[in-house]
Participant: 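Here you go, one structure.
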Protein chains: 2
Amino acid sequence: MAGDMYGLLWERELPVEGRGRRPGRPSGLSRERIVAEATAIADAEGLHQVSMKRIADGLDCGVMSLYRHVPGKDELVALMYDATMADAPPLPEFADWRDAMHAWAMAVRTLFRAHPWALPLATANHMMGPGEAYWLDWALGVFTRTGLDADVSLAAVLAVNGYVGGALRPELQGQDDPQWFRFMRHPAAAERFPNVQRLIDSGGIADSPVLKDSFEFGLGLVLDGLERYIETRPRPGGEP
Amino acid sequence: MAGDMYGLLWERELPVEGRGRRPGRPSGLSRERIVAEATAIADAEGLHQVSMKRIADGLDCGVMSLYRHVPGKDELVALMYDATMADAPPLPEFADWRDAMHAWAMAVRTLFRAHPWALPLATANHMMGPGEAYWLDWALGVFTRTGLDADVSLAAVLAVNGYVGGALRPELQGQDDPQWFRFMRHPAAAERFPNVQRLIDSGGIADSPVLKDSFEFGLGLVLDGLERYIETRPRPGGEP
DNA sequence: GATCGATGCGTATGAGATACGCTAATTAAG
DNA sequence: CTTAATTAGCGTATCTCATACGCATCGATC
(Lines give C-alpha, C1' and ligand atoms only; values in the text may rest on other atoms or scores of the structure.)
Protein backbone atom coordinates (compact mmCIF):
# COMPACT_ATOMS: atom_id res chain seq x y z
CA MET A 1 0.00 0.00 0.00
CA ALA A 2 2.76 2.40 0.88
CA GLY A 3 4.35 3.22 -2.41
CA ASP A 4 7.33 5.46 -2.36
CA MET A 5 7.42 6.72 1.17
CA TYR A 6 11.08 7.48 0.75
CA GLY A 7 10.47 9.96 -2.04
CA LEU A 8 7.44 11.29 -0.23
CA LEU A 9 9.33 12.19 2.90
CA TRP A 10 12.59 13.34 1.38
CA GLU A 11 11.81 14.88 -1.97
CA ARG A 12 11.31 18.36 -0.59
CA GLU A 13 14.64 18.46 1.18
CA LEU A 14 16.30 20.03 -1.83
CA PRO A 15 14.42 23.19 -2.76
CA VAL A 16 13.60 22.94 -6.43
CA GLU A 17 15.48 25.64 -8.22
CA GLY A 18 15.01 27.35 -11.54
CA ARG A 19 11.28 27.53 -11.54
CA GLY A 20 10.29 31.03 -10.68
CA ARG A 21 6.75 31.04 -11.98
CA ARG A 22 5.11 28.11 -13.59
CA PRO A 23 2.01 28.14 -15.70
CA GLY A 24 -1.22 26.86 -14.30
CA ARG A 25 -3.68 27.76 -11.65
CA PRO A 26 -1.96 28.83 -8.44
CA SER A 27 -2.64 26.54 -5.54
CA GLY A 28 -4.51 27.76 -2.54
CA LEU A 29 -4.10 24.44 -0.85
CA SER A 30 -0.72 23.03 0.02
CA ARG A 31 0.67 19.86 1.45
CA GLU A 32 1.65 21.77 4.56
CA ARG A 33 -1.85 23.11 5.16
CA ILE A 34 -3.34 19.68 4.71
CA VAL A 35 -0.87 18.06 7.07
CA ALA A 36 -1.43 20.81 9.62
CA GLU A 37 -5.20 20.42 9.50
CA ALA A 38 -5.02 16.65 9.77
CA THR A 39 -2.63 16.94 12.68
CA ALA A 40 -4.91 19.38 14.45
CA ILE A 41 -7.79 16.94 14.15
CA ALA A 42 -5.66 14.05 15.39
CA ASP A 43 -4.38 16.07 18.32
CA ALA A 44 -7.85 17.07 19.34
CA GLU A 45 -9.85 13.94 18.66
CA GLY A 46 -7.49 11.13 17.77
CA LEU A 47 -6.23 9.67 14.55
CA HIS A 48 -9.48 7.78 14.23
CA GLN A 49 -11.33 10.98 13.49
CA VAL A 50 -9.04 12.01 10.68
CA SER A 51 -10.81 11.37 7.40
CA MET A 52 -10.28 13.01 4.05
CA LYS A 53 -13.75 14.48 4.29
CA ARG A 54 -13.11 15.91 7.69
CA ILE A 55 -9.88 17.51 6.54
CA ALA A 56 -11.55 18.94 3.46
CA ASP A 57 -14.33 20.41 5.57
CA GLY A 58 -11.79 21.97 7.87
CA LEU A 59 -9.96 23.51 4.95
CA ASP A 60 -13.22 24.43 3.24
CA CYS A 61 -12.40 22.61 0.04
CA GLY A 62 -13.54 19.55 -1.84
CA VAL A 63 -12.38 16.14 -0.76
CA MET A 64 -10.70 15.31 -4.03
CA SER A 65 -8.71 18.50 -4.01
CA LEU A 66 -6.57 17.00 -1.29
CA TYR A 67 -5.30 14.38 -3.67
CA ARG A 68 -3.60 17.03 -5.74
CA HIS A 69 -1.19 17.53 -2.87
CA VAL A 70 -1.03 14.18 -1.13
CA PRO A 71 -0.87 10.77 -2.81
CA GLY A 72 -3.25 9.10 -0.39
CA LYS A 73 -4.19 8.75 3.22
CA ASP A 74 -1.42 6.39 4.26
CA GLU A 75 1.09 8.81 2.87
CA LEU A 76 -0.63 11.70 4.58
CA VAL A 77 -0.32 9.95 7.92
CA ALA A 78 3.36 9.36 7.29
CA LEU A 79 3.75 13.05 6.55
CA MET A 80 1.84 13.94 9.70
CA TYR A 81 4.15 11.79 11.73
CA ASP A 82 7.33 13.21 10.37
CA ALA A 83 6.09 16.78 10.49
CA THR A 84 5.19 16.24 14.13
CA MET A 85 8.65 14.94 14.88
CA ALA A 86 10.08 18.06 13.28
CA ASP A 87 7.85 20.32 15.33
CA ALA A 88 10.06 20.95 18.33
CA PRO A 89 12.61 23.56 19.30
CA PRO A 90 16.18 22.40 18.69
CA LEU A 91 18.05 21.16 21.72
CA PRO A 92 20.89 23.23 23.15
CA GLU A 93 24.42 21.96 23.56
CA PHE A 94 25.35 20.04 26.68
CA ALA A 95 28.76 19.45 28.17
CA ASP A 96 27.76 16.20 29.79
CA TRP A 97 26.39 13.27 27.78
CA ARG A 98 24.07 12.33 30.58
CA ASP A 99 22.50 15.75 30.78
CA ALA A 100 22.20 15.72 27.03
CA MET A 101 20.43 12.40 26.83
CA HIS A 102 18.18 13.32 29.70
CA ALA A 103 17.14 16.46 27.87
CA TRP A 104 16.76 14.48 24.68
CA ALA A 105 14.47 11.96 26.30
CA MET A 106 12.38 14.65 27.94
CA ALA A 107 12.03 16.50 24.67
CA VAL A 108 10.87 13.38 22.89
CA ARG A 109 8.45 12.78 25.70
CA THR A 110 7.06 16.27 25.38
CA LEU A 111 6.53 15.68 21.70
CA PHE A 112 4.59 12.48 22.16
CA ARG A 113 2.55 13.87 24.98
CA ALA A 114 1.43 16.68 22.73
CA HIS A 115 0.57 14.20 19.95
CA PRO A 116 -0.52 10.95 21.58
CA TRP A 117 -1.70 9.48 18.28
CA ALA A 118 1.90 9.47 17.04
CA LEU A 119 3.24 6.88 19.43
CA PRO A 120 1.60 3.81 17.89
CA LEU A 121 2.81 5.05 14.53
CA ALA A 122 6.35 5.18 15.87
CA THR A 123 5.96 1.53 16.73
CA ALA A 124 4.55 0.56 13.36
CA ASN A 125 6.79 -0.09 10.45
CA HIS A 126 7.70 3.14 8.79
CA MET A 127 10.31 4.98 6.81
CA MET A 128 12.43 7.50 8.66
CA GLY A 129 11.91 11.06 7.53
CA PRO A 130 13.95 14.19 8.18
CA GLY A 131 11.98 15.03 11.29
CA GLU A 132 12.81 11.78 12.99
CA ALA A 133 16.33 11.68 11.62
CA TYR A 134 17.11 14.88 13.46
CA TRP A 135 16.63 13.20 16.82
CA LEU A 136 18.65 10.21 15.82
CA ASP A 137 21.51 12.32 14.59
CA TRP A 138 21.57 14.50 17.64
CA ALA A 139 21.68 11.56 20.04
CA LEU A 140 24.24 9.79 17.95
CA GLY A 141 26.44 12.85 18.22
CA VAL A 142 26.16 12.85 21.99
CA PHE A 143 27.50 9.32 22.33
CA THR A 144 30.06 9.66 19.59
CA ARG A 145 31.57 12.60 21.45
CA THR A 146 32.05 10.47 24.53
CA GLY A 147 34.35 8.34 22.42
CA LEU A 148 32.05 5.39 21.88
CA ASP A 149 32.35 3.60 18.58
CA ALA A 150 29.71 4.39 16.01
CA ASP A 151 27.93 1.07 16.27
CA VAL A 152 27.89 1.15 20.06
CA SER A 153 26.61 4.71 19.92
CA LEU A 154 23.74 3.52 17.80
CA ALA A 155 23.00 0.71 20.21
CA ALA A 156 22.99 3.21 23.06
CA VAL A 157 20.61 5.49 21.22
CA LEU A 158 18.36 2.56 20.46
CA ALA A 159 18.35 1.64 24.13
CA VAL A 160 17.37 5.09 25.34
CA ASN A 161 14.93 5.56 22.51
CA GLY A 162 13.46 2.18 23.19
CA TYR A 163 12.95 2.98 26.79
CA VAL A 164 11.36 6.33 26.01
CA GLY A 165 8.97 4.92 23.46
CA GLY A 166 7.93 2.07 25.65
CA ALA A 167 7.67 3.98 28.88
CA LEU A 168 5.46 6.58 27.31
CA ARG A 169 2.80 4.01 26.73
CA PRO A 170 1.30 3.79 30.21
CA GLU A 171 1.84 7.48 30.64
CA LEU A 172 -0.29 8.42 27.68
CA GLN A 173 -2.89 5.94 28.75
CA GLY A 174 -2.92 7.36 32.20
CA GLN A 175 -3.99 10.72 30.92
CA ASP A 176 -7.18 9.29 29.55
CA ASP A 177 -7.87 6.49 31.94
CA PRO A 178 -6.11 6.54 35.26
CA GLN A 179 -7.63 3.21 36.18
CA TRP A 180 -5.00 0.94 34.78
CA PHE A 181 -5.91 -1.48 37.51
CA ARG A 182 -9.60 -1.49 37.11
CA PHE A 183 -9.38 -5.11 36.11
CA MET A 184 -8.40 -6.02 39.63
CA ARG A 185 -11.94 -5.42 40.73
CA HIS A 186 -12.76 -8.68 39.07
CA PRO A 187 -13.29 -11.45 41.63
CA ALA A 188 -11.10 -13.89 39.73
CA ALA A 189 -8.28 -11.42 39.33
CA ALA A 190 -7.27 -11.16 42.96
CA GLU A 191 -6.30 -14.77 43.35
CA ARG A 192 -4.85 -15.18 39.89
CA PHE A 193 -2.64 -12.13 40.23
CA PRO A 194 -1.52 -12.00 43.84
CA ASN A 195 1.34 -9.61 43.21
CA VAL A 196 -0.87 -7.06 41.56
CA GLN A 197 -3.26 -7.57 44.43
CA ARG A 198 -0.51 -6.88 46.91
CA LEU A 199 0.43 -3.77 44.99
CA ILE A 200 -3.08 -2.42 45.22
CA ASP A 201 -3.39 -3.37 48.86
CA SER A 202 -0.21 -1.46 49.59
CA GLY A 203 -2.30 1.58 48.89
CA GLY A 204 0.45 3.97 48.01
CA ILE A 205 0.07 3.78 44.25
CA ALA A 206 -1.62 7.10 43.87
CA ASP A 207 0.86 9.14 45.84
CA SER A 208 4.04 7.18 45.36
CA PRO A 209 6.74 9.66 44.38
CA VAL A 210 8.55 6.98 42.41
CA LEU A 211 5.47 6.18 40.37
CA LYS A 212 4.61 9.82 39.94
CA ASP A 213 7.91 10.18 38.10
CA SER A 214 8.21 6.64 36.87
CA PHE A 215 9.35 7.92 33.51
CA GLU A 216 12.36 9.68 34.97
CA PHE A 217 12.97 6.85 37.38
CA GLY A 218 13.28 4.37 34.54
CA LEU A 219 15.24 6.81 32.42
CA GLY A 220 17.67 7.16 35.26
CA LEU A 221 18.11 3.41 35.34
CA VAL A 222 18.95 3.29 31.66
CA LEU A 223 21.39 6.16 31.98
CA ASP A 224 22.95 4.52 35.03
CA GLY A 225 23.47 1.41 32.98
CA LEU A 226 25.04 3.43 30.22
CA GLU A 227 27.24 5.29 32.68
CA ARG A 228 28.59 2.06 33.99
CA TYR A 229 29.18 0.81 30.49
CA ILE A 230 30.99 3.95 29.45
CA GLU A 231 33.15 3.93 32.56
CA THR A 232 34.15 0.30 32.36
CA ARG A 233 34.25 -0.28 28.63
CA PRO A 234 37.51 -1.55 27.23
CA ARG A 235 39.49 1.37 25.84
CA PRO A 236 41.84 1.05 22.91
CA GLY A 237 44.82 2.60 24.68
CA GLY A 238 44.36 1.09 28.12
CA GLU A 239 44.46 3.25 31.26
CA PRO A 240 46.19 6.59 30.88
CA MET B 1 -16.16 3.31 20.10
CA ALA B 2 -14.81 0.88 22.62
CA GLY B 3 -17.72 0.08 24.80
CA ASP B 4 -17.17 -2.26 27.68
CA MET B 5 -13.74 -3.64 26.98
CA TYR B 6 -13.47 -4.50 30.64
CA GLY B 7 -16.38 -6.89 30.57
CA LEU B 8 -15.29 -8.18 27.21
CA LEU B 9 -11.86 -9.21 28.39
CA TRP B 10 -12.72 -10.40 31.86
CA GLU B 11 -16.22 -11.82 31.77
CA ARG B 12 -15.07 -15.33 30.94
CA GLU B 13 -12.67 -15.57 33.82
CA LEU B 14 -15.31 -17.14 36.02
CA PRO B 15 -16.75 -20.22 34.32
CA VAL B 16 -20.50 -19.82 34.32
CA GLU B 17 -21.98 -22.50 36.50
CA GLY B 18 -25.40 -24.01 36.81
CA ARG B 19 -26.29 -24.18 33.18
CA GLY B 20 -25.78 -27.70 31.98
CA ARG B 21 -27.75 -27.55 28.77
CA ARG B 22 -29.44 -24.49 27.47
CA PRO B 23 -32.13 -24.32 24.84
CA GLY B 24 -31.41 -22.96 21.42
CA ARG B 25 -29.39 -23.84 18.42
CA PRO B 26 -25.94 -25.11 19.31
CA SER B 27 -23.13 -22.95 18.11
CA GLY B 28 -20.62 -24.16 15.59
CA LEU B 29 -18.77 -20.92 15.73
CA SER B 30 -17.18 -19.64 18.89
CA ARG B 31 -15.35 -16.56 20.02
CA GLU B 32 -12.19 -18.60 20.28
CA ARG B 33 -12.38 -19.83 16.71
CA ILE B 34 -13.02 -16.34 15.41
CA VAL B 35 -10.14 -14.88 17.38
CA ALA B 36 -7.87 -17.68 16.21
CA GLU B 37 -8.77 -17.20 12.58
CA ALA B 38 -8.32 -13.44 12.78
CA THR B 39 -4.98 -13.90 14.51
CA ALA B 40 -3.82 -16.31 11.85
CA ILE B 41 -4.61 -13.78 9.15
CA ALA B 42 -2.85 -11.01 11.04
CA ASP B 43 0.21 -13.15 11.64
CA ALA B 44 0.44 -14.08 8.00
CA GLU B 45 -0.52 -10.87 6.26
CA GLY B 46 -0.80 -8.11 8.82
CA LEU B 47 -3.64 -6.57 10.76
CA HIS B 48 -4.57 -4.58 7.70
CA GLN B 49 -5.79 -7.70 5.96
CA VAL B 50 -8.10 -8.69 8.78
CA SER B 51 -11.65 -7.89 7.76
CA MET B 52 -14.88 -9.42 8.95
CA LYS B 53 -15.45 -10.77 5.47
CA ARG B 54 -12.03 -12.34 5.35
CA ILE B 55 -12.55 -14.01 8.70
CA ALA B 56 -15.97 -15.27 7.69
CA ASP B 57 -14.56 -16.72 4.49
CA GLY B 58 -11.82 -18.44 6.43
CA LEU B 59 -14.35 -19.94 8.81
CA ASP B 60 -16.76 -20.69 6.00
CA CYS B 61 -19.63 -18.81 7.51
CA GLY B 62 -21.59 -15.65 6.88
CA VAL B 63 -20.15 -12.30 7.86
CA MET B 64 -22.95 -11.43 10.21
CA SER B 65 -22.63 -14.70 12.07
CA LEU B 66 -19.48 -13.39 13.61
CA TYR B 67 -21.42 -10.72 15.44
CA ARG B 68 -23.16 -13.36 17.48
CA HIS B 69 -19.87 -14.02 19.20
CA VAL B 70 -18.00 -10.73 19.06
CA PRO B 71 -19.50 -7.28 19.66
CA GLY B 72 -17.56 -5.61 16.86
CA LYS B 73 -14.24 -5.35 15.18
CA ASP B 74 -12.53 -3.12 17.72
CA GLU B 75 -13.46 -5.58 20.41
CA LEU B 76 -12.26 -8.46 18.29
CA VAL B 77 -8.88 -6.83 17.94
CA ALA B 78 -8.71 -6.34 21.68
CA LEU B 79 -9.48 -10.02 22.14
CA MET B 80 -6.84 -10.96 19.59
CA TYR B 81 -4.28 -8.93 21.47
CA ASP B 82 -5.01 -10.41 24.84
CA ALA B 83 -5.29 -13.95 23.51
CA THR B 84 -1.90 -13.48 21.88
CA MET B 85 -0.40 -12.32 25.15
CA ALA B 86 -1.77 -15.43 26.80
CA ASP B 87 -0.33 -17.69 24.14
CA ALA B 88 3.05 -18.46 25.67
CA PRO B 89 4.43 -21.18 27.91
CA PRO B 90 4.62 -20.12 31.56
CA LEU B 91 8.01 -19.01 32.79
CA PRO B 92 9.91 -21.23 35.22
CA GLU B 93 11.09 -20.10 38.63
CA PHE B 94 14.38 -18.27 38.94
CA ALA B 95 16.57 -17.84 41.96
CA ASP B 96 18.05 -14.58 40.73
CA TRP B 97 15.91 -11.57 39.89
CA ARG B 98 18.19 -10.62 37.06
CA ASP B 99 17.96 -14.00 35.40
CA ALA B 100 14.23 -13.86 35.89
CA MET B 101 13.78 -10.49 34.26
CA HIS B 102 16.09 -11.40 31.45
CA ALA B 103 13.99 -14.46 30.73
CA TRP B 104 10.86 -12.39 31.06
CA ALA B 105 12.06 -9.84 28.55
CA MET B 106 13.16 -12.50 26.11
CA ALA B 107 9.82 -14.25 26.40
CA VAL B 108 7.94 -11.05 25.70
CA ARG B 109 10.22 -10.45 22.77
CA THR B 110 9.50 -13.91 21.39
CA LEU B 111 5.82 -13.19 21.64
CA PHE B 112 5.97 -9.94 19.72
CA ARG B 113 8.28 -11.36 17.11
CA ALA B 114 5.74 -14.07 16.42
CA HIS B 115 2.94 -11.49 16.20
CA PRO B 116 4.41 -8.24 14.87
CA TRP B 117 0.98 -6.66 14.44
CA ALA B 118 0.51 -6.71 18.20
CA LEU B 119 3.22 -4.22 19.09
CA PRO B 120 1.48 -1.07 17.87
CA LEU B 121 -1.59 -2.25 19.74
CA ALA B 122 0.44 -2.52 22.90
CA THR B 123 1.32 1.11 22.44
CA ALA B 124 -2.22 2.22 21.80
CA ASN B 125 -4.58 2.90 24.62
CA HIS B 126 -6.12 -0.30 25.78
CA MET B 127 -7.57 -2.16 28.69
CA MET B 128 -5.42 -4.78 30.31
CA GLY B 129 -6.76 -8.30 29.95
CA PRO B 130 -5.84 -11.51 31.75
CA GLY B 131 -3.22 -12.41 29.14
CA GLU B 132 -1.28 -9.24 29.68
CA ALA B 133 -1.90 -9.22 33.42
CA TYR B 134 -0.05 -12.50 33.71
CA TRP B 135 3.20 -10.88 32.59
CA LEU B 136 2.72 -7.93 34.85
CA ASP B 137 2.03 -10.07 37.86
CA TRP B 138 4.96 -12.35 37.22
CA ALA B 139 7.42 -9.50 36.90
CA LEU B 140 5.96 -7.74 39.90
CA GLY B 141 6.56 -10.89 41.91
CA VAL B 142 10.20 -10.96 40.87
CA PHE B 143 10.92 -7.50 42.19
CA THR B 144 8.75 -7.82 45.23
CA ARG B 145 10.78 -10.86 46.27
CA THR B 146 13.96 -8.82 46.16
CA GLY B 147 12.44 -6.72 48.89
CA LEU B 148 11.52 -3.69 46.83
CA ASP B 149 8.43 -1.81 47.84
CA ALA B 150 5.35 -2.46 45.79
CA ASP B 151 5.36 0.90 44.07
CA VAL B 152 9.05 0.73 43.23
CA SER B 153 8.54 -2.78 41.93
CA LEU B 154 5.92 -1.46 39.58
CA ALA B 155 8.21 1.31 38.42
CA ALA B 156 10.91 -1.27 37.78
CA VAL B 157 8.56 -3.43 35.77
CA LEU B 158 7.44 -0.41 33.79
CA ALA B 159 11.06 0.42 33.05
CA VAL B 160 11.93 -3.03 31.76
CA ASN B 161 8.65 -3.35 29.94
CA GLY B 162 9.13 0.06 28.44
CA TYR B 163 12.53 -0.83 27.19
CA VAL B 164 11.34 -4.11 25.72
CA GLY B 165 8.40 -2.57 23.92
CA GLY B 166 10.41 0.26 22.52
CA ALA B 167 13.47 -1.73 21.57
CA LEU B 168 11.39 -4.22 19.67
CA ARG B 169 10.37 -1.55 17.25
CA PRO B 170 13.46 -1.38 15.05
CA GLU B 171 13.86 -5.09 15.41
CA LEU B 172 10.50 -5.90 13.91
CA GLN B 173 11.07 -3.34 11.23
CA GLY B 174 14.42 -4.83 10.40
CA GLN B 175 12.82 -8.09 9.52
CA ASP B 176 10.88 -6.51 6.74
CA ASP B 177 13.17 -3.73 5.63
CA PRO B 178 16.80 -3.93 6.67
CA GLN B 179 17.46 -0.56 5.11
CA TRP B 180 16.75 1.62 8.03
CA PHE B 181 19.28 4.04 6.65
CA ARG B 182 18.12 4.20 3.12
CA PHE B 183 17.31 7.84 3.67
CA MET B 184 20.97 8.62 3.91
CA ARG B 185 21.28 8.09 0.20
CA HIS B 186 19.60 11.42 -0.17
CA PRO B 187 22.06 14.15 -1.12
CA ALA B 188 20.74 16.55 1.47
CA ALA B 189 20.87 13.99 4.23
CA ALA B 190 24.63 13.63 4.48
CA GLU B 191 25.29 17.20 5.46
CA ARG B 192 22.23 17.62 7.62
CA PHE B 193 22.93 14.48 9.60
CA PRO B 194 26.69 14.24 9.97
CA ASN B 195 26.60 11.76 12.80
CA VAL B 196 24.46 9.32 10.92
CA GLN B 197 26.77 9.85 7.99
CA ARG B 198 29.75 9.00 10.15
CA LEU B 199 27.98 5.92 11.38
CA ILE B 200 27.44 4.69 7.87
CA ASP B 201 30.96 5.57 6.84
CA SER B 202 32.28 3.54 9.76
CA GLY B 203 31.09 0.57 7.78
CA GLY B 204 30.71 -1.88 10.57
CA ILE B 205 26.97 -1.58 10.99
CA ALA B 206 26.14 -4.84 9.31
CA ASP B 207 28.50 -7.03 11.26
CA SER B 208 28.75 -5.16 14.54
CA PRO B 209 28.26 -7.73 17.30
CA VAL B 210 26.80 -5.07 19.57
CA LEU B 211 24.20 -4.12 17.00
CA LYS B 212 23.47 -7.72 16.16
CA ASP B 213 22.33 -8.15 19.74
CA SER B 214 21.31 -4.59 20.40
CA PHE B 215 18.21 -5.84 22.17
CA GLU B 216 20.18 -7.72 24.76
CA PHE B 217 22.76 -4.97 24.95
CA GLY B 218 20.11 -2.43 25.89
CA LEU B 219 18.36 -4.88 28.17
CA GLY B 220 21.64 -5.38 29.96
CA LEU B 221 21.92 -1.64 30.48
CA VAL B 222 18.49 -1.46 32.04
CA LEU B 223 19.22 -4.41 34.30
CA ASP B 224 22.57 -2.90 35.24
CA GLY B 225 20.78 0.24 36.24
CA LEU B 226 18.33 -1.75 38.30
CA GLU B 227 21.11 -3.73 39.91
CA ARG B 228 22.78 -0.59 41.02
CA TYR B 229 19.51 0.73 42.36
CA ILE B 230 18.77 -2.43 44.27
CA GLU B 231 22.23 -2.56 45.77
CA THR B 232 22.35 1.05 46.87
CA ARG B 233 18.75 1.74 47.73
CA PRO B 234 18.05 2.97 51.21
CA ARG B 235 16.98 0.06 53.37
CA PRO B 236 14.60 0.42 56.28
CA GLY B 237 16.82 -1.40 58.76
CA GLY B 238 20.17 -0.08 57.66
CA GLU B 239 23.09 -2.45 57.01
CA PRO B 240 22.80 -5.90 58.60
C1' DG C 1 -6.82 36.29 -26.72
C1' DA C 2 -5.48 31.54 -27.59
C1' DT C 3 -2.99 27.94 -25.53
C1' DC C 4 -1.02 25.25 -21.98
C1' DG C 5 -0.60 23.13 -17.73
C1' DA C 6 -1.81 22.82 -13.17
C1' DT C 7 -5.47 23.04 -9.67
C1' DG C 8 -10.32 22.41 -7.78
C1' DC C 9 -13.69 19.20 -7.32
C1' DG C 10 -18.43 16.51 -8.47
C1' DT C 11 -19.61 11.94 -9.37
C1' DA C 12 -19.09 7.13 -9.38
C1' DT C 13 -17.19 2.95 -7.52
C1' DG C 14 -15.98 -0.40 -4.40
C1' DA C 15 -14.63 -1.96 0.16
C1' DG C 16 -15.77 -2.45 4.83
C1' DA C 17 -18.52 -2.44 9.22
C1' DT C 18 -22.68 -3.30 11.05
C1' DA C 19 -28.12 -2.69 12.21
C1' DC C 20 -32.30 -5.37 11.39
C1' DG C 21 -35.06 -9.01 11.04
C1' DC C 22 -36.05 -13.49 9.28
C1' DT C 23 -34.97 -18.53 9.41
C1' DA C 24 -33.28 -22.68 11.45
C1' DA C 25 -32.00 -25.70 15.05
C1' DT C 26 -32.47 -27.37 19.53
C1' DT C 27 -34.34 -28.03 24.30
C1' DA C 28 -38.03 -27.82 27.63
C1' DA C 29 -42.72 -27.88 28.74
C1' DG C 30 -47.41 -29.50 28.04
C1' DC D 1 -45.58 -35.42 19.90
C1' DT D 2 -46.64 -30.65 19.71
C1' DT D 3 -45.55 -26.15 20.80
C1' DA D 4 -43.23 -22.49 22.93
C1' DA D 5 -38.84 -20.63 24.14
C1' DT D 6 -34.32 -19.54 23.06
C1' DT D 7 -30.28 -19.00 20.60
C1' DA D 8 -27.27 -19.38 16.32
C1' DG D 9 -26.70 -18.35 11.31
C1' DC D 10 -26.97 -15.01 7.97
C1' DG D 11 -29.03 -12.18 3.66
C1' DT D 12 -30.03 -7.50 2.79
C1' DA D 13 -29.73 -2.75 3.36
C1' DT D 14 -27.17 1.24 4.91
C1' DC D 15 -23.58 4.25 6.01
C1' DT D 16 -18.90 5.66 6.05
C1' DC D 17 -14.60 6.02 3.57
C1' DA D 18 -10.96 6.17 0.26
C1' DT D 19 -10.15 7.09 -4.19
C1' DA D 20 -10.24 6.72 -9.74
C1' DC D 21 -11.83 9.61 -13.52
C1' DG D 22 -12.77 13.39 -16.06
C1' DC D 23 -14.38 17.97 -16.63
C1' DA D 24 -14.19 22.81 -15.39
C1' DT D 25 -11.35 26.66 -14.05
C1' DC D 26 -7.76 29.76 -13.50
C1' DG D 27 -3.39 32.29 -14.63
C1' DA D 28 0.85 32.70 -17.05
C1' DT D 29 2.89 32.66 -21.38
C1' DC D 30 3.14 33.32 -26.38
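Labels below follow one simple rule: chain letters A, B, ... track the order of the sequence lines, proteins then strands, and each chain is numbered from 1.
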Participant: Between G72(B) and D60(A), which residue's closest nucleotide on DNA chain C lies nearer the 5′ terminus?
Facilitator: D60(A)
Participant: With a non-hydrogen cut-off below 4.0 angstrom, is S27(B) in contact with a base, only sugar-phosphate, or nothing?
Facilitator: sugar-phosphate
Participant: Name the orientation class of the two ring planes belonging to W135(A) and W104(A) (parallel below 30°, tilted from 30 to 60°, perpendicular beyond 60°).
Facilitator: perpendicular
Participant: Looking at dG9(D), does its base get a donor-acceptor pair with the side chain of R68(B) below 3.5 Å?
Facilitator: yes
Participant: Take atom CG of D74(A) and atom P of dC17(D), then tell me their distance rounded to the nearest Å.
Facilitator: 16 Å
Participant: Classify the ring geometry of F193(A) against W10(B): parallel below 30°, tilted from 30° to 60°, perpendicular beyond 60°.
Facilitator: perpendicular
Participant: For a quick check under 3.5 Å, do H102(A) and E216(A) share a side-chain donor-acceptor pair by atom type?
Facilitator: yes
Participant: Can you work out whether Y67(A) or C61(B) has the more 5'-proximal nearest nucleotide on DNA chain D?
Facilitator: C61(B)
Participant: S51(B) side chain: which of dG16(C), dC17(D), dG9(D) is closest?
Facilitator: dG16(C)
Participant: On DNA chain D, compare the nucleotides closest to L29(B) and G24(B); which residue's is nearer the 5' end?
Facilitator: G24(B)
Participant: Which nucleotide in the set dC9(C), dT27(C), dG11(D) lies at the smallest distance from any side-chain heavy atom of M64(B)?
Facilitator: dG11(D)
Participant: How is G62(A) classified with respect to the nucleic acid when contacts are heavy atoms under 4.0 Å: base, sugar-phosphate, or nothing?
Facilitator: sugar-phosphate
Participant: Give a yes/no answer on whether the side chain of K53(B) brings an N or O atom under 4.0 Å of OP1 or OP2 in dG16(C).
Facilitator: no
Participant: Looking at S65(B), I'd like to know whether one of its side-chain N or O atoms comes within less than 4.0 Å of OP1 or OP2 on dG9(D).
Facilitator: no
Participant: Using modelled atom types and a 3.5 Å cut-off, is there a donor and acceptor pairing between side-chain atoms of D137(A) and backbone atoms of V196(B)?
Facilitator: yes
Participant: 5'-most contact on DNA chain C: V50(B) or R25(B), nearest heavy atom basis?
Facilitator: V50(B)
Participant: dA6(C), OP1 or OP2 - any side-chain N/O from H69(A) closer than 4.0 Å?
Facilitator: no
Participant: Would you say the side chain of F143(B) lies within less than 4.5 Å of the side chain of M101(B), judging by non-hydrogen atoms?
Facilitator: yes
Participant: Answer with base, sugar-phosphate or nothing: what part of the nucleic acid does M52(A) contact at a heavy-atom distance below 4.0 Å?
Facilitator: sugar-phosphate
